[in-house]
Asker: 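The structure's right below; bear with me while I get my questions together.
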Amino acid sequence: MIYLDYNATAPLRPEVAALMRELMSKPLNASSVHGYGREARKIVEKARSQVAALSVHPEPTVIFNSGATEGNNTVLKHFAGERILASAIEHPAVLDAAPETERIPVTPDGVVDLNALEEMLKSERTALVSIMMVNNETGVIQPVKEAAALAHKHGALFHCDAVQAAGRIPLNMQENGIDFLTLSAHKLGGPQGVGALIIGFCGETPALLHGGGQEKKARAGTENVAGIAGFGLAAEMAAAPPDLNTLQTVLEEKLSETDGLVIHGQNAPRVSNTTLFSLPGARSESLLMNFDLEGAALSNGSACTSGSVQPSHVLQAMNCLPAQTASAIRISTGWNTTRDDIDRVLEIWSKITERMKTKL
Ligand code: PLP
């Protein structure tokens, strides 16, 4: 099976699996005072430094949690009752966390419309602006620095879901003016169910879970020591990302030879691991099934809701035609993708499109 669905989840790196296996065999509670407890504390603090290094901020406050869904909910719910602006292409973990959030439109290329954001900010006092760094469906890189500057100019704080950016582009939390940054370990080759909320200099510490005083009283619950250590190691390894640029060029040049095929966000800055394309007339579900039968695991883009194939809210926000939205396929690569994987997926694509022609 060729795995090209890294934006849904990346395969666990073997080094991370080995480390976690070793740690899971020990009774490690980072709040205990005995030797095991002190060992656990050291492990958690080492991982905190490894994850902090990814954020590029001089004094980041890293709060470990269960993943980006929790991180996004923690920030968005902290501002409940106040005005929040979020881009129309945010992950549901942002959009559904605070349903009263107002949506910032995007251009047809899938880039947040900064003029619209400024008009919205001018119209009424806003507490929080939430814009992701890289969209999970299209891979389009958002103008986070400019958006954060606008938010700050109008007295709002800035949250950035950087799940799909981490390990692909520098996060530059301070330079970009990000107050709250959410990360997830399993998109980086770390374990599922672990993530972090990183807080900059804004002076606010949102907390969703209350109870024990773990994680500087910002996230109650016994720390998942093995998972956190795995996240730390994955974050460190992600600091040297593979060159996926060449693979993307090969993939997109070949795909573009198919008549009528559209690559979404092609004219916008994009990360090199993600290609979302549509072939009007085809159906995502049947394309995915055909790829699956031939041994390639891909997605229709909206990874977290795939299984229940629904029209993508991202493509709708980009004003895509219904025939494009209905036929979208996402290829996303990562640390273990090879040229052979790309050649094979292109062979399968040729086979599928040949079969479609003979059916017409
Ligand atoms: N934000 C983005 C942009 C994502 O792509 C995802 C997962 O697909 C999430 C948040 C949710 O992350 P997690 O699985 O850690 O809850």
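Just follow the structure's listing: the first ligand is 1, and inside any ligand the first atom is 1.
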Asker: Is Ala68 in polar range of ligand 1, meaning some N or O pair under 3.5 Å apart?
Answerer: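 Min N/O separation from ligand 1 is below 3.5 Å for Ala68.
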Asker: Examine His186 against ligand 1 and note whether any of their N/O atoms are separated by less than 3.5 Å.
Answerer: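 In this structure, His186 places an N or O atom under 3.5 Å from an N or O of ligand 1.
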Asker: Would you mind writing out the side-chain donor-acceptor pairs for residues 198-215 within the sub-3.5 Å range, not counting sequence neighbours?
Answerer:
from: Glu204; atom 1: OE1; to: His78; atom 2: NE2; distance (Å): 2.7
from: Gln214; atom 1: OE1; to: Gly221; atom 2: N; distance (Å): 3.0
from: Glu215; atom 1: OE1; to: Arg48; atom 2: NH1; distance (Å): 2.8
from: Glu215; atom 1: OE1; to: Phe64; atom 2: N; distance (Å): 2.7
from: Glu215; atom 1: OE2; to: Arg48; atom 2: NH2; distance (Å): 3.2

Asker: Under 3.5 Å, is there a donor-acceptor pair linking the side chains of Thr182 and Asn72?
Answerer: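 Thr182 vs Asn72: donor-acceptor pair found between side chains.
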Asker: Tell me whether Lys187 reaches ligand 1 (any heavy atom closer than 4.0 angstrom to a ligand atom).
Answerer: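 Flag set, Lys187 near ligand 1.
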Asker: Are Thr275 and Glu252 close enough that a side-chain donor and a side-chain acceptor fall under 3.5 Å?
Answerer: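 Yes, Glu252 and Thr275 have a side-chain donor paired with an acceptor closer than 3.5 Å.
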Asker: If the cut-off is 4.0 Å to any non-hydrogen atom of Gly67, which atoms of ligand 1 fall inside it?
Answerer: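 Answer, ordered by atom number: 15 (O).
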Asker: Number the atoms of ligand 1 from 1 as they appear, then name those within less than 4.0 Å of a heavy atom of Met132, with their elements.
Answerer: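 Those qualifying, in numeric order: 3 (C).
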Asker: By side-chain contact (heavy atoms from CB on, under 4.5 Å), which residues pair with Thr353, not counting sequence neighbours?
Answerer: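 For Thr353, the residues satisfying side-chain contact (heavy atoms from CB on, under 4.5 Å) (neighbours in sequence not counted) are Thr258, Leu279, Trp349.
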Asker: Run the numbers for me: atoms of ligand 1, each under 4.0 Å from some heavy atom of Ser184, listed by number.
Answerer: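 By the 4.0 Å cutoff, the relevant atoms are 13 (P), 15 (O).
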Asker: Should we say atom OH of Tyr36 is surrounded by more than 12 heavy atoms from elsewhere, each under 6.0 Å from it?
Answerer: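 For Tyr36, atom OH is not crowded (no more than 12 foreign heavy atoms under 6.0 Å).
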Asker: Short N/O distance, under 3.5 Å, between Glu70 and ligand 1?
Answerer: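 By distance alone, the answer is no.
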Asker: List every atom of ligand 1 that sits less than 4.0 Å from any heavy atom of Asp161, numbering the atoms from 1 in the order shown and giving each element.
Answerer: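 Counting atoms of ligand 1 from 1, those under 4.0 Å from Asp161 are 1 (N), 2 (C), 3 (C), 10 (C).
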Asker: Okay, side chain of Lys187, backbone of Asn7: is any donor-acceptor separation there less than 3.5 Å?
Answerer: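 Answer holds: yes.
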